[in-house]
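Quick notes on the structure that follows.
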Amino acid sequence: MPDLSWITARPVAHRGLHDAARGIVENTATAFQAAIAGNFAIECDLQVSGDGEAMVHHDDALGRLTEGSATLVSLPAAEIAAVRFKASPDRILRLGELLDLVAGRVTLLLELKSRFDGDPRLTRRVAEIAATYRGPVAAMSFDPKPVEALRRLAPALCRGIVAQRDYSHPDWDGLPAAEKRRLAFLLHVPVTRPHFIAYAVRDLPTVAPAVAKLWGVPLLTWTVRTKEERARAARYADQMIFEGFRP
């Protein structure tokens, strides 16, 4: 197992060091610059565009934070990059632009968003772009398929699995009960072979600390927002992905 101390060296700013009250919107250049200034690692989200580009955005559709309502997968990257945020002059970044902005100054955790439909384009694009980056970077996903694919496509790229105990939210309704159990209890680990695990703080300790110890990998936990959650993270995990305060 390679040395992964850089994964846990600093608290990880969830979607950058964003602060809506100050007009700093999540997953934007301004939020990432704030995290860099604070010497925090950065977690961000990636969606695939209609022409196969990796775009830095959490939701699979426009509208919550931006103008418009279309799904990102229905739009070309150039059109997505021109979309305006409602509360910020920032624009949606391409992954390459994010890497140029960070330039190796802090650790980057790239969460590959998935519709669990087998679309390989985002995984391939991330593997392609990350291969040229010289800073500390890792890719992770809730979906084991991209993680398994990264094991083949980019074995040198640090990869992780994101998971939780409870998959009852409507977002997960399309998954069979057996698949939800497989995700919750990390039963895919012998196939995906993640270099780290990122597990929901509300669900700790559940199974994640035991699996991380068994496989000898670091355990991150998300999303830490309260004093109680911070204490739980300190007890069970190696590092936290935080939001809403400055550690």
Side-chain angles (χ1 to χ4, degrees), residues 1 4 7-8 10-15 18 26-27 41-47 58-60 64 107 109-118 122-123 138-151 158-245 247:
M1 178 66 66
L4 298 178
I7 285 279
T8 59
R10 293 288 296 153
V12 184
H14 185 237
R15 306 179 193 173
H18 57 94
E26 67 182 50
N27 277 319
I42 293 170
E43 183 269 353
C44 69
D45 304 289
L46 300 177
Q47 295 277 358
H58 177 272
D59 301 355
D60 61 5
R64 178 171 64 91
T107 292
L109 301 184
L110 311 173
E111 184 185 332
L112 281 62
K113 291 298 185 182
S114 169
R115 298 179 300 280
F116 286 80
D117 60 359
L122 180 58
T123 308
M140 60 186 187
S141 182
F142 277 94
D143 185 349
K145 288 296 185 184
V147 182
E148 183 181 353
L150 286 172
R151 184 183 172 194
C158 183
R159 61 186 180 270
I161 192 73
V162 189
Q164 58 191 15
R165 177 65 181 88
D166 183 9
Y167 288 84
S168 61
H169 190 279
D171 285 352
W172 306 103
D173 283 352
L175 294 178
E179 180 62 12
K180 292 179 182 180
R181 285 193 298 272
R182 180 172 176 259
L183 300 178
F185 292 101
L186 302 166
L187 301 179
H188 53 75
V189 165
V191 176
T192 52
R193 295 290 180 94
H195 296 117
F196 66 95
I197 295 167
Y199 210 82
V201 68
R202 65 177 179 272
D203 296 329
L204 292 179
T206 313
V207 68
V211 174
K213 183 177 181 179
L214 177 65
W215 287 89
V217 299
L219 176 62
L220 305 180
T221 191
W222 56 272
T223 302
V224 175
R225 298 182 177 93
T226 68
K227 183 178 180 180
E228 178 187 6
E229 289 171 344
R230 189 170 182 177
R232 188 178 299 154
R235 180 176 181 182
Y236 294 112
D238 298 301
Q239 190 52 272
M240 65 178 173
I241 301 173
F242 71 94
E243 177 181 275
F245 67 96

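Counting begins at 1 with the first residue of the sequence. Worth saying up front: this structure is predicted, and the values here are computed from it rather than measured.
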Residue pair Arg159 / Arg193, side-chain heavy-atom distance below 4.5 Å: yes
pair Thr123-Leu150: side-chain heavy atoms closer than 4.5 Å: yes
Short side-chain to backbone donor-acceptor contact, Arg151 and Val191, under 3.5 Å: yes
Check: Glu229 side chain, Arg225 main-chain N or O, donor-acceptor pair, under 3.5 Å: yes
Test log, rule side chain to side chain contact (heavy atoms under 4.5 Å, CB included), inputs Glu243 and Trp222: CA-CA 9 Å; Glu243 177 181 275; Trp222 56 272; over 6 Å; no
Minimal non-hydrogen separation, Thr192 against Pro144, with atom names: CG2-O, 3.5 Å
Close side-chain approach of Val224 to Arg230, heavy-atom, < 4.5 Å: yes
Derivation and outcome, side chain to side chain contact (heavy atoms under 4.5 Å, CB included), residues Val12 and Leu109: CA-CA 8 Å; Val12 184; Leu109 301 184; 3.9 Å; yes
Pair Asn27-His58, side chain to side chain contact (heavy atoms under 4.5 Å, CB included): steps then yes or no: CA-CA 7 Å; Asn27 277 319; His58 177 272; 3.8 Å; yes
Between NE2 on residue His14 and OG1 on residue Thr223, distance to nearest 0.5 Å: 3.5 Å
Other residues, nucleotides, ligands: >12 heavy atoms within 6.0 Å of Lys145 NZ: no
Minimum-distance pair of heavy atoms, taken over all atoms of Leu112 and Ala139: CD1-CB, 3.9 Å
Audit row: Ile197, Leu186, side chain to side chain contact (heavy atoms under 4.5 Å, CB included) steps and yes/no: CA-CA 9 Å; Ile197 295 167; Leu186 302 166; 4.0 Å; yes
Under 3.5 Å: donor-acceptor pair, side chain of Glu111, backbone of Asp45: no
Any donor-acceptor N or O pair under 3.5 Å, side chains Gln239, Arg10: no
Heavy-atom side-chain proximity of Pro209 to Leu204 below 4.5 angstrom: yes
Euclidean distance, Ile42 CD1 relative to Cys44 SG, rounded to 0.5 Å: 7.5 Å
Asp238 and Thr8: side chain donor to acceptor below 3.5 Å: no
Distance-minimising heavy-atom pair for Ala184 and Arg165: CB-O, 3.7 Å
Heavy-atom closest contact (Ala237 atom, Leu220 atom, distance): CB-C, 4.4 Å
Taking every non-hydrogen atom, the tightest pair across Val201 and Arg232: O-CD, 3.0 Å
Phe142 and Trp172 aromatic ring geometry - parallel, tilted or perpendicular at 30°/60° bounds: tilted
Pairwise side-chain contact, Cys158 with Met140, heavy-atom cut-off 4.5 Å (strictly under): no
Leu46 vs Leu122 side-chain heavy atoms within contact, under 4.5 Å: yes
Lys180 side chain vs Tyr167 backbone, donor-acceptor pair below 3.5 Å: yes
Ala233 versus Met240, closest heavy-atom pair with distance: CB-CB, 4.1 Å
Any donor-acceptor N/O pair, Thr221 side chain to Tyr199 backbone, under 3.5 Å: yes
Modelled atom types, side-chain donor and acceptor of His18 and Glu26, under 3.5 Å: no
Donor + acceptor pair across side chains of Asp143, Ser141 (<3.5 Å): no
